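Beneath this line is the structure, given in structure tokens, with notes to follow.
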Amino acid sequence: MSGAAERAPERLVVGEVEERWTEAWAQAGIGAADPSRPGPAYTIAIPPPNVTGVLHMGHALNNTIQDLLIRTRRMAGDETMWICGTDHAGIATQAVVEKDLAKAGVRRADLGRQEFLNRVWDWREEYGGRIIGQLRRLGCTLDYGRERFTMDDGYAAAVMRVFVDLHAKGYIYRDHYMVNWDPGLGSAISDLEVEDREVTDEMVSIAYPLSDGSGEIVVATVRPETMLGDTAVAVNPGDERYAHLIGRTCTLPLVGREIPVVGDEHVQPEFGTGALKVTPAHSPDDFEIARRHGLPAVGVIGEDGRMTAEAGDRYAGLTPDECSARVVDDLSAQGLVRERREYSHTVPFSHRSGARVEPLISLQWFCDMTALAAPAIEAVRQGTVRFTPSKWGEVYLRWMEEIRPWCVSRQLWWGHQLPVWYRGDEIHVGLEAPEGEGWTRDEDVLDTWFSSALWPFATLGWPEQTPELERFYPTAVLSTARDIIFLWVARMVMMGIEYMGEVPFRDVYIHSVVQAPDGRRMSKSLGTGVDPVELIEANGADAVRFGLLMMSSTQDVRFSQDRIDQGRQLVTKLWNATRLVADRDGRVGHDAPPAPATVADRWIFSRIARTVAEADELREGFQLSALADGVYHLVFDDFCDWYLELLKAGEASAEVAGHALEQLLALAHPLIPFITEECWARMPGAEGLMASHPPPAAPGPVDEAAEAEIDAVREVVTGLRTYRHKRNLPPRAALVMDPPPAPAVAALDPVEPAPPHRGGRRSSRRQAEGA
RNA sequence: GGGCGGUUAGCUCAGCGGUUAGAGCACCUGCCUUACACGCAGGGGGCCGGCAGUUCAAAUCUGCCACCGCCCACCA
């Protein structure tokens with residue numbers, strides 16, 4: 001209270017503070033949504049982290065952003081719902097458990113499907129969802145009581161229903177089609193799970209003798225082993241060198257198969273030899289050519305990534321690389337290799353396993369996306385869904401306009417097993433197995449993203465018409481990283497429109513990717529990762545939140561410890577300012593803003609009003625680093641450096657100081673919830689939690705006159721300080737010859753020529769050169 | 001092959017048509033001033049990647065160039 005002299009040093013123990021308030025918020029049900037409460041609703045669905053996941057920098061930033069938004073609206077009185085949950089993450093989770101089992105020398109095949117799945121569920125029970133606890137440490141006020149999982153019963157029911165429905169509508173179908181086969185994973189993967197890498201291969205030119213012995217046609221390839229599966233040679237019909245050969249046949253070396261020469265516009269005469277070997281089973285290009293010409297496909301590489309029996313006894317069982325070498329040797333022995341040279345090109349690799357993707361024909365389930373995409377395109381075109389930054393909307397549209405069928409089946413065990421049953425040639429798609437004996441269920445599971453696509457409504461209970469669904473759909477904002485715009489965001493828009501008749505969110509905010517300090521990707525394998533949990537332990541959650549917000553931008557940013565330090569300084573500063581104001585008998589909890597007693601009082605109110613208005617605007621535009629910066633400078637420059645000094649000099653009133661601090665805390669709370677809660681609790685007159693405090697009501701309109709006056713004071717005082725500093729005079733030495741600095745405010749009233757007003761932010765410290 | 005973005009103080013980044021270009025950190029100087037030395041005060045430092053153009057006015061708009069990065073794409 002009083003007695004500054006004997007006040008015990010109050011240490012701020014951040015970890016203890018965080019623990020205490022995390023608990024208090026939970027007790028008060030701060031994150032718990034109440035669908036029955038009237039008023040506006042505000043919903044955010046968290047991008048569900050993987051069950052296997054631990055908090056990384058992307059999560060830390062993204063969830064800080066979401067918590068900032070949700071706390072702001074909660075304080076404003078909206079009924080807020082921040083949907084909490086995790087994703088089963090099929091491939092990632094299965095891989096983790098398999099790796100775990102491998103330590104004990106167990107493979108998943110040893111266990112069998114059901115037992116393996118039991119192990120995964122056990123694993124999930126024991127280790128899954130750690131990340132949820134880490135989100136609490138970050139201060140996130142999710143609705144933890146309604147935590148969902150993409151494989152819990154209700155959610156799984158929604159997934160099954162959607163699959164069956166899309167099949168009934170004719171969008172989902174089964175087909176033999178060229179897929180990206182991941183030999184490392186033993187599964188098909190979608191186009192989006194493939195990444196291209198630059199690879200140097202050897203391009204080999206091979207002579208295929210014409211069947212009538214009249215010569216040969218030379219083809220070029222970087223995959224000689226696939227020639228075993230060739231079923232044609234294609235040339236451009238306009239290519240004079242070869243046009244006359246169209247319709248004739250040649251003999252496939254090593255195999256002896258007679259294959260036709262076909263004409264196809266796709267073939268580029270300038271490339272290679274101008275003649276293309278056609279391997280429909282192992283090249284997407286060739287697959288299309290074969291479809292156009294009705295050519296058969298011969299699969300010579302199997303799903304195990306090895307040569308099949310179709311490749312012939314001499315090659316079956318080899319890896320493609322081994323086979324390639326042997327084929328080239330054999331062709332050389334027959335004198336059919338015309339040229340060998342290095343060739344650099346891009347080759348698909350699996351994002352999941354890192355294996356080189358093997359394009360092959362496989363029987364899979366696909367979803368045609370064109371009909372689903374149409375309204376989702378319109379939604380973004382018309383601005384029903386808005387991307388920030390807007391360029392991502394363009395990116396979304398470009399992809400959506402050329403959307404291709406989605407391969408939704410995966411040859412995994414962990415996931416939503418397809419609701420498909422077979423008996424002989426019969427196929428049944430439905431929620432239940434059909435009547436009768438002999439039906440077996442499809443072994444495959446759905447792509448993880450199929451279930452993720454339903455997240456904004458399946459989490460709220462769909463297909464049941466729950467109060468939550470009624471009240472909290474659609475959500476307001478989706479905040480995420482750009483790498484899942486296609487994988488997830490686009491699909492949610494499509495599914496939301498299809499099943500809810502309404503877009504799942506109005507705003508999509510694409511936040512920065514935080515890179516390692518040296519500009520490389522943050523990754524565990526590179527050793528470039530920075531662990532946010534360690535950061536929280538070392539700096540406090542508020543500092544980490546603030547620092548990340550300061551770093552965030554419209555582009556990728558490098559991690560900067562300096563920004564975290566800045567956050568820590570802000571936390572400390574607020575704490576000390578609170579102590580000062582409390583010691584000066586400043587009180588909070590006024591029914592109405594206290595009347596300003598001095599120009600300094602009017603000024604701080606004006607500065608707060610200005611910053612609050614700016615903050616609202618910046619938040620609307622997701623300019624979060626500018627928002628954080630504004631709060632920082634309001635606290636440091638205006639409130640602490642000037643206003644509190646004026647208060648100490650008797651130029652401001654304690655009542656106003658208390659109220660101003662309250663506004664400051666309310667403004668800063670969504671960014672740095674822990675310290676603001678702690679400061680609030682310290683203030684005389686405080687009731688309730690800052691987390692449920694009304695937002696910073698601007699304590700009055702901007703007061704231009706007061707701002708001009710204080711600006712003038714600041715200039716004079718700064719000028720005096722500079723003068724003294726340059727004269728090497730001690731800062732506190734009274735300047736007998738100078739105007740007295742202390743009563744500056746009083747002396748300057750009225751201010752004569754108002755100095756040029758600088759519209760606001762803060763006053764520069766580098767003026768008054770010649771004072 | 002298309003598309004997008006970046007290049008601003010030693011470092012990490014704001015600013016994106018209008019008075020002398022900003023922040024944090026780092027640096028220099030002076031202060032243990034009774035909220036805070038995790039602090040206070042004062043200060044130095046940038047021809048805003050290059051070239052050309054539009055404009056009364058350009059980091060800010062246009063074009064070209066140079067590096068750097070990302071996304072999309074079925075050229076053997």
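Side chains are part of it too, since the values below use all heavy atoms of this structure and drop only hydrogens, waters and symmetry mates. These numbers were taken from a predicted model, which means no experiment stands behind them. In what follows, chains are A, B, ... by sequence order, proteins preceding strands, each numbered from 1.
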Identify whether any heavy atom of [X] sits under 4.0 Å from a base atom; if not, whether one sits that close to sugar-phosphate; answer base, sugar-phosphate or nothing.
X         : value
Val267(A) : base
Asp196(A) : base
Phe486(A) : sugar-phosphate
Glu645(A) : base
Thr572(A) : base
Arg398(A) : sugar-phosphate
Tyr343(A) : sugar-phosphate

Please pick, from [options], the nucleotide with the shortest atom-to-atom distance to any side-chain atom of [X].
X         : options                : result
Arg563(A) : A35(B), A23(B), C25(B) : A23(B)
Ser553(A) : C74(B), A76(B), C13(B) : C13(B)
His345(A) : A76(B), A23(B), C38(B) : A76(B)
Arg558(A) : C13(B), C75(B), A35(B) : C13(B)
Leu192(A) : C72(B), C40(B), A76(B) : C72(B)
Thr221(A) : A76(B), G15(B), A14(B) : A76(B)
Asp641(A) : A76(B), A41(B), A35(B) : A41(B)

[N] [atom2] sits how many Å from [X] [atom1], rounded?
X         : N      : atom1 : atom2 : result
Trp392(A) : C71(B) : CH2   : C1'   : 7 Å
Met178(A) : A76(B) : CE    : C1'   : 13 Å
Met551(A) : C25(B) : CE    : P     : 14 Å
Asp562(A) : C38(B) : CG    : P     : 16 Å
Asp264(A) : A76(B) : CG    : P     : 16 Å
Leu570(A) : G24(B) : CG    : P     : 12 Å

Can you list everything that forms a side chain to side chain contact (heavy atoms under 4.5 Å, CB included) with Val199(A)? Sequence neighbours excluded, please. Asp201(A), Val347(A), Phe349(A), Arg356(A)
Less than 4.0 angstrom between a side-chain N/O of [X] and OP1 or OP2 of [N], yes or no?
X         : N      : answer
Lys648(A) : C36(B) : no
Arg584(A) : A35(B) : yes
Tyr632(A) : A23(B) : no

Kindly confirm or rule out a cation-pi arrangement of Arg682(A) over Trp575(A), judged by NZ or CZ under 6.0 Å from the six-membered ring centre and within 45° of its axis? no
Distance criterion of 3.5 Å, no angle test: do you see the side chain of [X] paired donor-to-acceptor with the base of [N]?
X         : N      : answer
Arg404(A) : A73(B) : no
Gln569(A) : C38(B) : no
Lys391(A) : C4(B)  : no

When you check the gap from the basic side-chain N to the acidic O, do Arg587(A) and Glu662(A) get nearer than 4.0 Å? no
So His345(A) and Tyr343(A), would you call those rings parallel, tilted or perpendicular, with 30° and 60° as cut-offs? tilted
With under 30° as parallel and over 60° as perpendicular, where do the rings of Tyr396(A) and Phe387(A) fit, or are they tilted in between? tilted
In terms of heavy-atom contacts, Pro253(A) and Met227(A) come closest through O-CE, 3.4 Å
Hey, do the aromatic rings of Tyr177(A) and Phe287(A) have their centres closer than 6.0 Å? yes
For RNA chain B, please output the secondary structure as dot-bracket, reading 5' to 3'. Pairs are Watson-Crick or G-U wobble, both atom distances under 3.5 Å; mark crossing pairs with [ ], other-strand partners with |, unpaired with a dot. ((((((((.[[[[.)..(...]]]].(((((.......))))).....[[[[[..)....]]]]])))))))....
With a cut-off of 3.5 Å and sequence neighbours excluded, list every side-chain donor-acceptor pair involving residues 617-626 of chain A.
unit_1    : atom_1 : unit_2    : atom_2 : d
Arg619(A) : NH1    : Asp616(A) : OD1    : 3.1
Ser625(A) : OG     : Ser552(A) : O      : 3.3

Show, in sequence, the C-alpha distance, side-chain angles and deciding distance for Glu401(A) and Arg381(A), and conclude whether the salt bridge (Lys or Arg N to Asp or Glu O under 4.0 Å) test is met. CA-CA 11 Å; Glu401(A) 280 157 5; Arg381(A) 279 215 190 112; 2.7 Å; yes
Identify whether the glycosidic angle of A59(B) places it syn (within 90° of 0) or anti. syn
